[in-house]
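Written below as structure tokens is the structure these notes are about.
Numbering of ligands and ligand atoms starts at 1, following listing order.
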Amino acid sequence: MRRLYVETYGCQMNVADTDLIFGLLGRDGFVMTKSPEDADVMLVNTCAVRDNAEQRIYGRVGELKRHKRKGDVLGVVGCMAQRLGADLLNRIPHVDLVVGPDGYRALPELIHRATAGERSVDVDFKSWEHYEDVPPAQDGRASAFVTVQRGCNYRCTFCIVPMTRGPERSRKLIDVIREVEQLVSTGVTEVTLLGQTVNSYHNGTHDFADLLRAVGGVDGIRRVRFTSPHPNDFTPAVLEAMADVPGVCEHVHLPMQSGSSRVLKRMLRRYDRDGYIDCVERLRVAMPEIAITTDIIVGFPGETEEDFLETESLVRTVRFDGAFTFKYSVRDGTPAVKIKDHVADDVAGERLERLIATVRQVARTKNVGLVGSTHEVLVEKQARRGELLQSRTRTNKVVLIEGLPTLIGSYLHVRLNGTTGSTFTGTSTAARRELAVVG
Ligand code: SAH
Ligand code: F3S
């Protein structure tokens, strides 16, 4: 029996791809292990979006060398593998395999060859590859990711993803539905549909609105989420489907990147400040309770203090529920490399700190306003802290509640009692009653 260890970095699609790798190699007789010491095969599923992500991965791959015994295989897969290809084999002599996101089907064969001492690289794009026949590895959780689209056809000038994941392609609706039905049969009630610009999903016949209606219509599915949409792909039909389908949750992660039209233009985001505000308004008309989170980059080439102030002001205007904030990281091979006008690192760092403070303040004000209200939550897991359980509202707010682990996977109504500014504590009468019975 061969044991497989996989470490995952980066976005949710990488998490879903790791499940896929487990499915593929499970079929080939591998069993999962949580410790690299025990593993015969170690894979690192990587991210290439920012340089600090890559540096961390270099460090980790260096550490994993310790656990590599004779005959063991160490592979680098995912976006960094795709970006660097054979270069990575030259740079790190103890790496046996370099495989991009479209090459996982070849893993059993490449691992076999690596055991015999052959090092290999597979970074070809395969536009047909959706891994349709691979069973999703499910671990008994109530929530699952479902990749519905791979690649990206946008060309945001800062972004390496079009180069690491290739052109956009969408799965057939029927294949997605079959996967969702299969997940339901293992106990899943919540799915998150994944794509780089997920709402541009189109397979020639069906669009994203059709997909939301179909997934929301699967018996047993109680919540439908999706990430990440692009502001330009919220067609009236998609907004209508979001409003109509009861399962579609009141949360959207809507990457903004900047609040300055001048910067947005240089980023080739294909919307300006007003366009973004318009999208937010249309979402709020379709779903009045919708929570909105975002991604923001500071220090993009040419960003002035005035541009940055526009970003801060847009955070206040939209009243985001939360944001991931990043300092711009130059990526070889992206169009932005050619834009001169670099923002000094200390200036970008200082802007990032100010932005984080603004985001926190805006989110806190919003969240404090929610204390006292009641929400449906899905209980996800035991919280890191003490005896509590972690649950999530439809609006994607994390709520810690008291209750027994047997509640994991169930839906409860909780009253929000307090907030740290970002997460909540709450009580569920039903969960309390059960505790009292046991206690
Ligand atoms: N469309 C994808 C985006 C993937 S990258 C999705 O959201 O699903 C995730 C986020 O990383 C982007 O929204 C952007 O804010 C940030 N990012 C991408 N390239 C970056 C770079 N070169 N420097 C800093 N941040 C970057
Ligand atoms: Fe990247 Fe823009 Fe696509 S952020 S993934 S190029 S939409």
Side-chain angles (χ1 to χ4, degrees), residues 9-17 46-56 78-80 82-83 101 145-170 192-201 208 225-234 251-260 263-271 275-276 279 292-303 308 311 314-315 320 322-339 342-343 345 348-349 351-352 355-356 359:
Y9 293 87
C11 64
Q12 284 128 322
M13 196 169 289
N14 264 10
V15 175
D17 279 357
T46 60
C47 173
V49 160
R50 282 170 295 275
D51 184 58
N52 54 9
E54 289 199 353
Q55 294 310 322
R56 220 173 116 212
C79 287
M80 191 176 163
Q82 184 71 40
R83 187 175 94 76
F145 292 133
V146 178
T147 302
V148 300
Q149 174 201 59
R150 301 181 80 87
C152 182
N153 278 355
Y154 281 84
R155 288 288 175 274
C156 305
T157 54
F158 53 80
C159 187
I160 194 76
V161 173
M163 273 140 272
T164 63
R165 287 195 169 261
E168 176 186 318
R169 54 246 134 97
S170 296
T192 304
L193 309 177
L194 299 180
Q196 297 302 333
T197 56
V198 69
N199 53 340
S200 71
Y201 171 95
F208 192 63
R225 303 183 182 279
F226 55 86
T227 199
S228 289
H230 189 285
N232 290 11
D233 294 307
F234 277 110
H251 169 239
V252 66
H253 184 74
L254 187 70
M256 160 183 128
Q257 314 301 2
S258 170
S260 153
V263 174
L264 287 167
K265 190 161 187 191
R266 288 185 165 201
M267 287 178 165
L268 199 64
R269 282 294 288 176
R270 305 173 204 238
Y271 54 83
Y276 189 85
C279 179
I292 305 180
T293 54
T294 197
D295 290 342
I296 306 170
I297 298 175
V298 299
F300 187 74
E303 183 189 74
F308 173 71
T311 294
L314 192 49
V315 168
F320 287 111
F324 295 119
T325 49
F326 309 105
K327 193 155 76 168
Y328 170 68
S329 168
V330 58
R331 311 310 291 135
D332 270 348
T334 59
V337 171
K338 298 197 197 81
I339 311 179
H342 282 278
V343 175
D345 193 60
R351 284 181 192 161
L352 184 64
L355 182 62
I356 291 171
V359 166

inquiry  = With respect to R50, determine whether any N or O atom, backbone or side chain, lies less than 3.5 Å from an N or O atom of ligand 1.
reply    = yes

task = Check for a donor-acceptor pair, side chain of Y271 on one end and backbone N or O of M256 on the other, with a separation under 3.5 Å.
result = yes

message = Under 3.5 Å, is there a donor on one side chain and an acceptor on the other for Q149 and S200?
response = yes

message = Counting only heavy atoms closer than 4.0 Å, does ligand 1 sit against the backbone of I297, its side chain, both, or neither?
response = side chain

task = Please determine if F158 has a nitrogen or oxygen closer than 3.5 Å to a nitrogen or oxygen of ligand 1.
result = yes

ask   = Would you call E303 and R351 a salt bridge, using N to O less than 4.0 angstrom?
value = yes

ask   = Does an N or O anywhere in S329 fall below 3.5 Å from an N or O of ligand 1?
value = yes

task = Can you pull out the closest protein heavy atom to atom 2 (C) of ligand 1? Residue, atom name and distance to 0.1 Å, please.
result = Q196 OE1, 3.1 Å

key: T227-ligand 1 polar pair, N/O distance under 3.5 Å   = no

query = Is the side chain of D295 donor-acceptor paired with the backbone N or O of Q257 at a distance under 3.5 Å, no angle test?
reply = no

query = Is there any N or O on D295 that sits under 3.5 Å from an N or O of ligand 1?
reply = yes

remark   = Heavy-atom proximity to atom 1 (Fe) of ligand 2, picking from G195, P255, C159, points to C159

query = With a 4.0 Å cut-off on heavy atoms, does R269 reach ligand 2?
reply = yes

task = Could you see which bit of K327 sits under 4.0 Å from ligand 1, with heavy atoms only: side chain, backbone, both or neither?
result = backbone

remark   = Taken to the nearest 0.5 Å, the spacing of R50 CZ from F326 CZ works out to 4.0 Å

